[in-house]
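What follows is a short report on a single structure.
Residues: numbered from 1 along the sequence shown. Just so you know, these numbers come straight off a predicted model, no measurement behind them.
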Amino acid sequence: MTEALKDMFNIDFFNRFTNDLKLIIKGFNTRKFISQIMDNEWEKKEFKQRCWHITAVLKNYLPADYKEAIAKILELLDHLKDVFNFSEVDDTTFGLSLEYGWVLDNFVEQYGLDDYETSIKAIEKITQFTSCEFAVRPFIIKYPKEMMKQMLVWSKHEHWGVRRLSSEGCRPRLPWAMGLSDLKENPAPIIPILENLKNDTSRFVRLSVANNLNDIAKDNPETVINLIKKWQGKSENINWVIKHGSRTLLKQGNAEAMEIFGFGTVKNITIKDFKISRSKIKIGEFLEFSFKLVNNSSKKAKIRLEYGIYYQKANKTLSKKVCKISEKEYAKNSITDITRRHSFRAVTTRVLHSGLHQVSIIINGKEFQKYDFELIDKK
């Protein structure tokens with residue numbers, strides 16, 4: 001069974017964390033600290049609640065003055081820089097665990113919003129050890145002009161972690177984070193940052209640029225289409241960024257995006273013998289389906305092949321999820337047999353409801369045949 005995210009805050013983490021706190025807090029009481037965190041309410045707390053609780057307890061062990069508390073946290077990072085061999089940390093790995101990041105950047109987020117200068121300096125240093133993209137978001141909301149100007153400066157920072165933060169922190173739809181409604185509506189302040197980072201030497205930074213583009217595309221597709229046209233062909237790295245950043249546009253079947261990436265007409269493409277293995281699938285089982293993809297043209301065809309699953313929602317309507325099968329060229333006058341299995345195993349990210357479901361085949365954004373099937377309870 002996969003460990004729940006909240007359970008990453010376990011006794012092993014606290015043993016490491018408290019040993020490190022002893023480096024900066026004289027007379028630190030490990031047993032008292034852990035007992036105050038793992039109190040009678042600890043097991044009931046979810047992930048974000050645990051983050052805030054740990055931070056609140058930590059605050060009681062640091063100086064009451066925020067500037068002095070931050071100075072202690074930065075002192076801790078200086079100690080850890082000597083402990084860790086950071087020369088072995090490449091440009092895709094942070095030096096400290098994510099748990100450290102959730103605690104340290106949460107401290108800045110929770111207590112530093114009214115001290116802009118101190119907090120921004122702290123974030124710049126902390127994010128060189130562990131990601132800080134959650135902490136910057138309330139600052140972007142409270143100080144939009146100042147923060148986006150700072151993010152632009154950070155996009156040229158010598159450390160890849162700070163450059164990554166300049167993109168990741170202003171993603172309009174960053175998962176698990178508060179949304180940035182102003183940037184959803186108008187992403188213009190983000191674009192100069194992405195311009196600086198689109199061909200960054202760090203793969204991790206380029207990945208953030210692609211994910212930011214994908215976020216923007218959900219609300220402002222034309223903005224991303226224009227950037228794709230402007231950037232395409234500049235370098236292999238940039239080509240990868242725009243392709244990965246266009247994944248939502250391609251899943252949506254955006255005609256301009258399809259054309260830009262060479263997925264042409266499907267007038268000579270047909271589907272034959274589309275079959276599903278069973279009309280009733282139990283929750284926890286697989287839906288297996290097969291079909292023949294026929295290229296009737298005398299020329300090879302570049303095809304983005306996908307299938308759509310229409311899930312039953314609680315209100316009895318259907319919601320489509322698009323899943324990729326392949327993206328490749330199919331030979332002229334060819335027939336290709338394709339079989340796929342789709343899992344209906346229960347997962348935390350989707351609630352499965354019994355009832356009518358559908359599966360469809362999608363070629364270059366155009367939906368072809370569709371089959372009904374029923375999802376039923378295990379009982």
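Under a hydrophobic clustering in which Ile, Leu, Val, Met, Phe, Trp and Tyr are joined whenever their side-chain heavy atoms come within less than 4.5 Å, directly or via other members, I34 and F17 fall into the same cluster. In the hydrophobic clustering of ILVMFWY residues, with side-chain heavy atoms under 4.5 Å counting as a link, L58 and Y66 come out together. Under the 4.5 Å side-chain heavy-atom criterion for Ile, Leu, Val, Met, Phe, Trp and Tyr, W240 and I225 are members of the same hydrophobic cluster. When the side chains of ILVMFWY residues are joined at heavy-atom separations under 4.5 Å, either directly or via intervening members, L305 and I276 end up in a single hydrophobic cluster. If you chain together hydrophobic residues whose side chains sit under 4.5 Å apart, F263 and I260 fall into the same group.
The two residues W231 and E195 make their nearest non-hydrogen contact at NE1-OE1, 3.2 Å. Nearest heavy atoms, S166 versus M151: CB-O, 3.1 Å. The two residues I73 and F107 make their nearest non-hydrogen contact at CD1-CD2, 3.6 Å. Between S155 and R163, the closest heavy-atom pair is O-CD, 3.6 Å. Smallest separation of non-hydrogen atoms from G233 and N239: N-OD1, 2.7 Å. Scanning all heavy atoms of the two residues, the minimum distance from S208 to E168 falls at OG-OE1, 2.6 Å.
Side-chain N or O atoms of T118 include none that pairs as donor or acceptor with a backbone N or O of D115 at under 3.5 Å. A donor-acceptor pair under 3.5 Å is formed between the side chain of K72 and the backbone N or O of I24. Under the 3.5 Å distance criterion, the side-chain polar atoms of R50 are matched with a main-chain donor or acceptor of K6. Panel note: side chain N214, backbone A210; no donor-acceptor pair is recorded below 3.5 Å. Put simply, the side chain of H53 gets close to the backbone of I37: a donor and an acceptor are under 3.5 Å apart. Judged by distance alone, with hydrogens and angles left aside, the side-chain atoms of S235 form a donor-acceptor pair with the main-chain N or O of I238 at under 3.5 Å. Under a 3.5 Å cut-off, the side chain of S119 and the backbone N or O of Y116 do not form any donor-acceptor pair. A donor-acceptor pair is defined here as one N or O able to donate and one able to accept, closer than 3.5 Å; no such pair exists between the side chain of R206 and the backbone of K198. Checked by atom type and distance alone, the side chain of D273 never pairs as donor or acceptor with a backbone atom of K292 at under 3.5 Å. Under the 3.5 Å distance criterion, the side-chain polar atoms of N254 are matched with a main-chain donor or acceptor of A257.
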Might you work through the salt bridge (charged side-chain N to carboxylate O under 4.0 Å, His left out) test for K320 and E367, ending with a clear yes or no?
CA-CA 12 Å; K320 183 170 76 170; E367 195 163 44; 3.8 Å; yes

side-chain contact (heavy atoms from CB on, under 4.5 Å) between H353 and L375: does it pass, once the steps are laid out?
CA-CA 8 Å; H353 300 279; L375 188 66; over 6 Å; no

Begin with the C-alpha distance, continue with both residues' side-chain angles, and end with the deciding distance and a verdict on side-chain hydrogen bond (donor to acceptor under 3.5 Å, both in side chains) for H157 and E124.
CA-CA 10 Å; H157 198 278; E124 181 175 334; 3.0 Å; yes

Does the pair L293 and I303 meet the rule for a side-chain contact (heavy atoms from CB on, under 4.5 Å), with working shown?
CA-CA 10 Å; L293 187 149; I303 289 176; 3.9 Å; yes

Do I363 and I271 pass the side-chain contact (heavy atoms from CB on, under 4.5 Å) test, and can you show the C-alpha distance, the side-chain angles, and the key distance before you say yes or no?
CA-CA 10 Å; I363 302 175; I271 295 295; 3.6 Å; yes

Apply the test salt bridge (charged side-chain N to carboxylate O under 4.0 Å, His left out) to residues D200 and K156: give CA-CA distance (whole Å), side-chain angles for both, the deciding distance (0.1 Å), then the verdict.
CA-CA 10 Å; D200 197 88; K156 294 185 177 181; over 6 Å; no

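One distance of note links CG of N220 with CD1 of I191; it measures 8.5 Å at 0.5 Å rounding. With rounding to the nearest 0.5 Å, the separation of CG in N211 from CD1 in I216 is 11.0 Å. Taken from CG in D65 to NZ in K67, the straight-line distance is 6.5 Å, to the nearest 0.5 Å. Atom CD of residue Q312 and atom CG of residue N315 lie 8.0 Å apart, to the nearest 0.5 angstrom.
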Hey, can you pull the donor-acceptor pairs under 3.5 Å for the side chains in residues 138-150, sequence neighbours left out?
| residue | atom | partner | partner atom | Å |
| --- | --- | --- | --- | --- |
| K142 | NZ | D114 | OD1 | 2.5 |
| Y143 | OH | L113 | O | 2.6 |

In a table with atom names and distances, give each donor-acceptor pair under 3.5 Å that connects a side chain of residues 172-186 to protein atoms at least two apart or in another chain.
| residue | atom | partner | partner atom | Å |
| --- | --- | --- | --- | --- |
| R173 | NE | D219 | OD2 | 2.9 |
| R173 | NH2 | D219 | OD1 | 2.8 |
| N186 | OD1 | A188 | N | 3.2 |

Hey, can you pull the donor-acceptor pairs under 3.5 Å for the side chains in residues 39-49, sequence neighbours left out?
| residue | atom | partner | partner atom | Å |
| --- | --- | --- | --- | --- |
| D39 | OD1 | E41 | N | 3.0 |
| D39 | OD1 | W42 | N | 3.0 |
| Q49 | OE1 | E46 | N | 2.8 |

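Test E288, E374, E285 against R278 for side-chain hydrogen bond (donor to acceptor under 3.5 Å, both in side chains) and you get one pass: E285. Checking I120, I123, V136 one by one against V108, the side-chain contact (heavy atoms from CB on, under 4.5 Å) holds for a single residue, I123. The ring pair (Phe, Tyr, Trp, His ring centres under 6.0 Å) test with Y307 singles out one residue from F289, F274, Y371, and that residue is F289.
Side-chain contact between V241 and N199: absent, with no pair of heavy atoms (C-beta onward) separated by less than 4.5 Å. In this structure, I193 and V209 have side chains that are not in contact, with every pair of non-hydrogen atoms separated by 4.5 Å or more. The shortest distance between side-chain heavy atoms of W160 and Q128 does not fall below 4.5 Å. The closest side-chain heavy-atom distance from L194 to I190 is below 4.5 Å. Annotation: side chain of F14 is in contact with side chain of I54 (closest heavy-atom distance under 4.5 Å). Residues S202 and R164 fail the side-chain proximity criterion, which asks for heavy atoms closer than 4.5 Å. Residues F286 and I281 form no side-chain contact, since every pair of their non-hydrogen atoms from C-beta on lies 4.5 Å or further apart. Side chains of Y311 and K321 form a contact here, defined as non-hydrogen atoms less than 4.5 Å apart.
No donor-acceptor contact under 3.5 angstrom links the side chains of Q110 and W52, judged on distance only.
Under the 4.0 Å criterion applied to side-chain N and carboxylate O atoms, K302 and E329 are not assigned as salt-bridge partners. By the 4.0 Å N-to-carboxylate-O rule, D105 lies too far from R137 to be salt-bridged with it.
Annotation: cation-pi pair K243/F261 present, NZ/CZ under 6.0 Å from the ring centroid and within 45° of its normal. For the pair K272 and F291, the cation-pi test (distance below 6.0 Å, angle within 45°) is failed.
In this structure, F33 has its ring center under 6.0 Å from that of F28. The aromatic ring centres of H357 and Y310 sit 6.0 Å or more apart.
K324 NZ: more than 12 foreign heavy atoms inside a 6.0 Å radius. Within a 6.0 Å sphere centred on NZ of K332, other residues, nucleotides and ligands contribute 12 heavy atoms or fewer. For NZ of K218, the number of neighbouring non-hydrogen atoms (other residues, nucleotides, ligands) closer than 6.0 Å is greater than 12.
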